[in-house]
Amino acid sequence: GQNIDQPTEMTATEGAIVQINCTYQTSGFNGLFWYQQHAGEAPTFLSYNVLDGLEEKGRFSSFLSRSKGYSYLLLKELQMKDSASYLCAVRSSSNDYKLSFGAGTTVTVRA
Amino acid sequence: DSGVTQTPKHLITATGQRVTLRCSPRSGDLSVYWYQQSLDQGLQFLIQYYNGEERAKGNILERFSAQQFPDLHSELNLSSLELGDSALYFCASGEAPLAFFGQGTRLTVV
């Protein structure tokens with residue numbers, strides 16, 4: 001089975017940095033994804049890691065350690081619009097592209 | 001705009017009824033994925049089609065079925081609806097390693 005864990009909620013101040021951790025135990029590994037989802041809206045793709053290390057994309061960075069089954073999403077220079085749910089997802093199989101999602105971390109940015 | 005189109009946006013129906021949700025993938029994408037998101041559960045993978053053929057299956061109930069047509073649009077059919085089927089249903093398309101999600105259909109079963 002697939003087990004993907006991330007914290008339920010985090011709160012941070014505008015302009016600050018927040019790190020959202022994700023640990024996973026899956027039957028296989030072919031990539032880890034981070035999505036942002038505002039309430040009632042579609043998830044939007046943020047980042048993808050398949051090799052160990054840090055991927056940086058503007059204010060967002062994502063890190064992966066395959067040996068530890070661990071990833072984090074780093075949000076810098078937080079803005080109010082960053083208040084959303086952040087979903088960690090793992091692609092297990094190399095034969096298909098279905099994703100197994102964590103329950104999501106709700107980030108609240110306060111002024 | 002992800003390029004993935006889902007209709008309808010909202011659907012309210014009674015228990016026991018049957019509904020059809022429609023998805024048009026991004027231009028050029030052969031794969032379509034269906035996900036269910038309810039309040040008490042995260043995004044749950046239901047089923048994937050690739051160029052008209054079923055490619056992968058998740059925890060999809062027997063009351064649910066899907067198909068992908070020659071023009072690559074897909075339909076998710078939900079029958080004998082129960083209150084617990086109320087959820088957001090998302091369609092996604094894209095080739096490895098990315099998936100782009102449509103805006104979803106919010107199904108309310110009353």
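Letters go in sequence order (proteins before strands), and every chain restarts at 1. All figures in this text were calculated on a predicted structure; none of them were measured in a lab.
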S.K.: Say whether A:Phe33 and A:Leu46 are linked into one hydrophobic cluster, either directly or through other cluster members, by side-chain heavy-atom distances under 4.5 angstrom.
M.R.: no
S.K.: Tell me, with the steps shown, if B:Phe101 and A:Tyr35 meet side-chain contact (heavy atoms from CB on, under 4.5 Å).
M.R.: CA-CA 10 Å; B:Phe101 284 78; A:Tyr35 282 84; 3.6 Å; yes
S.K.: Under a 4.5 Å heavy-atom cut-off, does chain A meet the side chain of B:Leu43, its backbone, both or neither?
M.R.: both
S.K.: Given the options B:Gln37, B:Arg106, B:Gln44, which has more heavy-atom pairs under 4.5 Å with chain A than any of the others?
M.R.: B:Gln37
S.K.: Give the cluster check for B:Leu76 versus B:Val19: same hydrophobic cluster or not, with ILVMFWY residues linked at side-chain heavy-atom distances below 4.5 Å.
M.R.: yes
S.K.: What part of B:Lys57 gets within 4.5 angstrom of chain A, counting heavy atoms only: side chain, backbone, both, or neither?
M.R.: backbone
S.K.: Between A:Pro43, A:Gly31, A:Gly40, which has the largest tally of heavy atom pairs under 4.5 Å with chain B?
M.R.: A:Pro43
S.K.: Just wondering, are more than 12 heavy atoms of other shown residues or ligands nearer than 6.0 Å to CD in A:Glu77?
M.R.: no
S.K.: So for atom CG, which belongs to B:Leu39, do other residues, nucleotides or ligands contribute more than 12 heavy atoms lying within a distance under 6.0 Å?
M.R.: no
S.K.: Counting only heavy atoms not in B:Asn59, do more than 12 sit closer than 6.0 Å to its CG atom?
M.R.: no
S.K.: Can you confirm whether more than 12 heavy atoms, excluding those of B:Ile12, are under 6.0 Å from its CD1 atom?
M.R.: no
S.K.: Using a 3.5 Å distance criterion without hydrogens, assess whether the side chain of B:Tyr35 forms a donor-acceptor pair with backbone atoms of A:Leu99.
M.R.: yes
S.K.: What are the two closest heavy atoms between B:Gly102 and A:Ala42, and how far apart are they?
M.R.: O-CB, 2.8 Å
S.K.: Does atom CZ of A:Arg59 have more than 12 heavy-atom neighbours, drawn from other residues, nucleotides or ligands, at distances under 6.0 Å?
M.R.: yes
S.K.: Between A:Lys98 and B:Trp34, does the side-chain contact (heavy atoms from CB on, under 4.5 Å) criterion hold? Intermediate values first, please.
M.R.: CA-CA 9 Å; A:Lys98 70 178 183 181; B:Trp34 287 98; over 6 Å; no
S.K.: Roughly how far apart are B:Phe90 CZ and A:Gln37 CD, rounded to 0.5 Å?
M.R.: 5.0 Å
